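The next block holds one structure in the form of structure tokens; read it before the comments.
Quick caveat: nothing in here was measured; it's all calculated off a predicted structure.
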Amino acid sequence: MTDVRRARTIPLGLIATSALLLLVGPGASVAAQPGTPAQGTPGSLIDGFGDAKPPLSRGVALGPRDSRFRAVAVQGDGRILAAGQEGDGAGSQLLVARYTTTGQLDASFGAGGIARGPALGGDEAGAAGSYAAGVAVHGNRILVGGGLIDAGGRNAGLLVVSLNLADGTPDRTFDEDGMASALTGAARSASANAIAVDSAGRITVAGAARPPSRSETRATVARWQGGGTLDPAFGHSGIQQLADVGRSSELAAAAVTPDGRVVLAGSLTDDFGATLAMMYRLGPSGVLDPSFHGGQYGSAGVWLTVLSRNGAAFSRLNAVALAGDGTIVAAGTGGNLSSADSVIVRLRADTAPDAAFGEGGTVRTLAASQNAQVARQPPPGASGVLVSPATVYTGGSVEANGVFRLLSLSAFDDAGGALRGFGADVGAGYKGGMPFTTAFGTTYTFAHGAGDSPYSGPMGMTSAIAGTPGGAGIVAAGVLADSIGGGSPSADRRGFVARYQAAPQPPPPPPPPPPPPTPPPPPPPSGPAPAAPGPVSTPPASTLGSTTSPPAPVPATAGSSSSVRYAAKLQIARAGVLRSARRLNVLAPITARASGKVGVAFRAAGRTERFRESIDPANRRVRIDRRIPSSQARMKTGILTITYPGDADTQPQKVRLRAAQRHAALDAGRPQISDSGRLTAEGSISRRARGVVRVQVLYDTPGGDTETLHYRARIHDGGYRLDEQLSATLRAAVAARRGTVHSYTLFTGYLPEHMRGEMASFQVLGPR
């Protein structure tokens, strides 16, 4: 039997995590490795980075032997900081390595490019080892967050280390010896997984600790002031242990908003042993922000949900990042013991799911197929996220058939679609049914194995990524190892740093033109007084509209080539009939471009209720909570139609489905159109559902008309599957489209079961 043991969650860096690497055994051919794009293309390893000597690939540099990197940061001059540890348990030692822009250890830093330590003592008495979980640059300091290990190999406290940016020596202005600790002692079992630094230089370390008289750990945050003392204005004397909402809980990532609020992500274990994905938001003083809540089980200050498709075996968030507009993007894993998905969640600043991203704010991609050993720690999936102005990057590892792992780096556009032109195709059916094939959007990289049997090792994974100055590159850090779960590491375990070509970013918008100069006032009139008013003569028709008097512009008509009208992206996320309250309750996301009102018709019990409802553009939705006649409420179901008339830049749209209280549990996968023109889609639905799931594919012609393709997939045994070959004519029309290819997957409802209709909206192909 395979020895499977639980390991501590791999921690994350300041901006969080993801990426890959390519390592091949001696004599293996780099060119033979599928899934890695050609040099110089988006997602490829940078040729001039690292040693480029067998068995290393170009673009990769290794850390010391028996090391692991858990965090990465990039200095303003492009030099790279990778933080982690050497050794394990009581023999572990915190380390920070600095690499030049070409992937060589920086001899001006520490000893030969590596700063080790610190020497423990004082408040850390009794601790035997240390590790780094996060690293950040602030001013002339390198700030490292991590933890302590006692002589028995147990977690024994939180730790912050400050190094001088110039050379990596201890910063003696920080608590006199360059380090500070909290919650020390094995009885507390305190561990660190992430660090975040705000604009004032205050350091937040997130992880878990055991409260007094408790056997399980609880999500814990500590904040230090810039001088190295715990911040008395935060939590309880600098420490905040969060609400006891499960059997145990742990934080894996942290980010700080410009106004000082702290966004935290992680997981909790419920009383049944399942883990749920979790986010908190704290105010600047460390108290829960009651305006932040959501998910299936959230409460004030807590976002809590299940990310897995089928059941709640495990759902966890491993990384979080903040976009410039206040959007929160988190990445993690959801699955059970035999399959898993990488999951990305995007929330608006008001914590509502961003309906314009993926399926109601969530994107899922397959990380492990059936028969994979996903119980191994860490499980496959997204271990990190990085947000750029037009792209969301995630990465970690994927696994097939329990045989090998590959490290993955994925790129998504602003709508959650796989980014065309990024990555490479692994090839259909590679290595006995590996399901992770794609034509774009992901780089799959083999590590630590012979060319004919590639794998990354059960513990191989990317732990952190960061962007390079200017956004042209992505730097990744992680570990390669063959050990399973918490087992003994192999002698050749090594941390790695890799550098990748980023996707090109759109140019920044041009600055607004300067205002026209104010004309000088006219001179005072001189000469004879003006004549008295008289008849006004009209110029001949041939002179109207001359260059002397330009005509008023003619507004562009809908569908003309001179106008741009975007898809409304209207969908019905919820349509319930509340019998006892006699109310119709509907939530319908729509693009933020939409304005005005929608028409609503609800038909039940032989009558139709018609009314209009205003669009809420700030929240990108139509919200309906309306009292209905008792005769309709007693039916518990009815046909709902929402009609959006369109506006100057948004196309009209009508959606219709059954409203009812019983869920259909539609879990739709994103439809795919392959390069060969094959349209595929599949997903699951309640086993009580009957009929078909409809897939509609929409695109705009160059002339501005919207074409809609309709397909049906029959429901069978709780699932559906569509597989259609597009004709050459349709493929040519899609290729010549204007803008994106959008789709709707919908189940219109099932009257005998009083089951409501449900739908999901996706971007299938990116803009042209």
Side-chain angles (χ1 to χ4, degrees), residues 9 16 206 219 242-255 263-282 288-321 327-336 339-365 367 379 381-385 392 394 416 573-574 576 587 589 619 621 663-670 683-684 686 758 760-761:
T9 302
L242 299 172
D244 188 4
V245 291
R247 182 192 299 174
S248 64
S249 55
E250 182 177 23
L251 298 173
V263 179
L264 303 160
S267 63
L268 68 83
T269 302
D270 66 16
D271 292 334
F272 301 97
T275 59
L276 305 179
M278 174 181 67
M279 276 191 281
Y280 293 100
R281 188 164 69 193
L282 309 182
L288 285 171
D289 178 357
S291 68
F292 184 87
H293 58 84
Q296 293 165 278
Y297 311 108
S299 56
V302 183
W303 185 95
L304 188 63
T305 196
V306 175
L307 297 179
S308 55
R309 295 179 189 266
N310 302 303
F314 64 83
S315 297
R316 64 191 68 186
L317 291 173
N318 300 320
V320 68
T327 302
I328 300 167
V329 182
T333 302
N336 50 49
S339 64
D341 291 314
S342 295
V343 183
I344 316 169
V345 175
R346 189 162 80 183
L347 306 179
R348 300 201 310 270
D350 64 358
T351 75
D354 186 348
F357 185 78
E359 177 192 348
T362 301
V363 171
R364 290 182 176 88
T365 59
S383 59
V385 64
V392 175
T394 66
R574 180 178 69 244
L587 179 64
N619 293 308
R621 67 188 182 187
H663 292 264
L666 176 65
D667 191 350
R670 180 186 301 275
S684 62
S686 169
E758 295 177 3
S761 174

Roughly how far apart are [X] [atom1] and [Y] [atom2], rounded to 0.5 Å?
X: Ser248; Y: Leu268; atom1: OG; atom2: CG; value: 7.5 Å
X: Thr275; Y: Glu250; atom1: OG1; atom2: CD; value: 11.0 Å
X: Arg346; Y: Ile328; atom1: CZ; atom2: CD1; value: 12.0 Å
X: Trp303; Y: Met278; atom1: CH2; atom2: CE; value: 11.0 Å
X: Leu304; Y: Gln296; atom1: CG; atom2: CD; value: 8.5 Å
X: Asp354; Y: Thr362; atom1: CG; atom2: OG1; value: 10.0 Å

Within the 4.5 Å heavy-atom criterion, are [X] and [Y] side-chain neighbours or not?
X: Leu242; Y: Val302; answer: no
X: Thr394; Y: Val363; answer: no
X: Thr327; Y: Phe357; answer: no

Option from Val329, Val263, Leu251 for which side-chain contact (heavy atoms from CB on, under 4.5 Å) with Val320 holds:
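Looking at Val329, Val263, Leu251, the match for Val320 under the side-chain contact (heavy atoms from CB on, under 4.5 Å) is Val263.
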Contact summary for [X] and [Y], nearest pair of heavy atoms:
X: Asp289; Y: Ser291; value: OD1-OG, 2.7 Å
X: Ala219; Y: Ser249; value: N-OG, 2.8 Å
X: Ala665; Y: Glu758; value: N-OE1, 3.3 Å
X: Ser267; Y: Arg316; value: CB-CB, 3.7 Å
X: Ala668; Y: Ala760; value: CB-CB, 4.2 Å
X: Ala277; Y: Leu317; value: CB-CG, 3.8 Å

Are the side chain of [X] and the backbone of [Y] linked by a donor-acceptor contact shorter than 3.5 Å?
X: Asp341; Y: Val343; value: no
X: Thr351; Y: Phe292; value: no
X: Ser315; Y: Ser308; value: yes
X: Arg364; Y: Leu307; value: yes

Evaluate the criterion side-chain contact (heavy atoms from CB on, under 4.5 Å) for residue pair Tyr297 and Val306; output intermediate values, then yes/no.
CA-CA 9 Å; Tyr297 311 108; Val306 175; 3.9 Å; yes
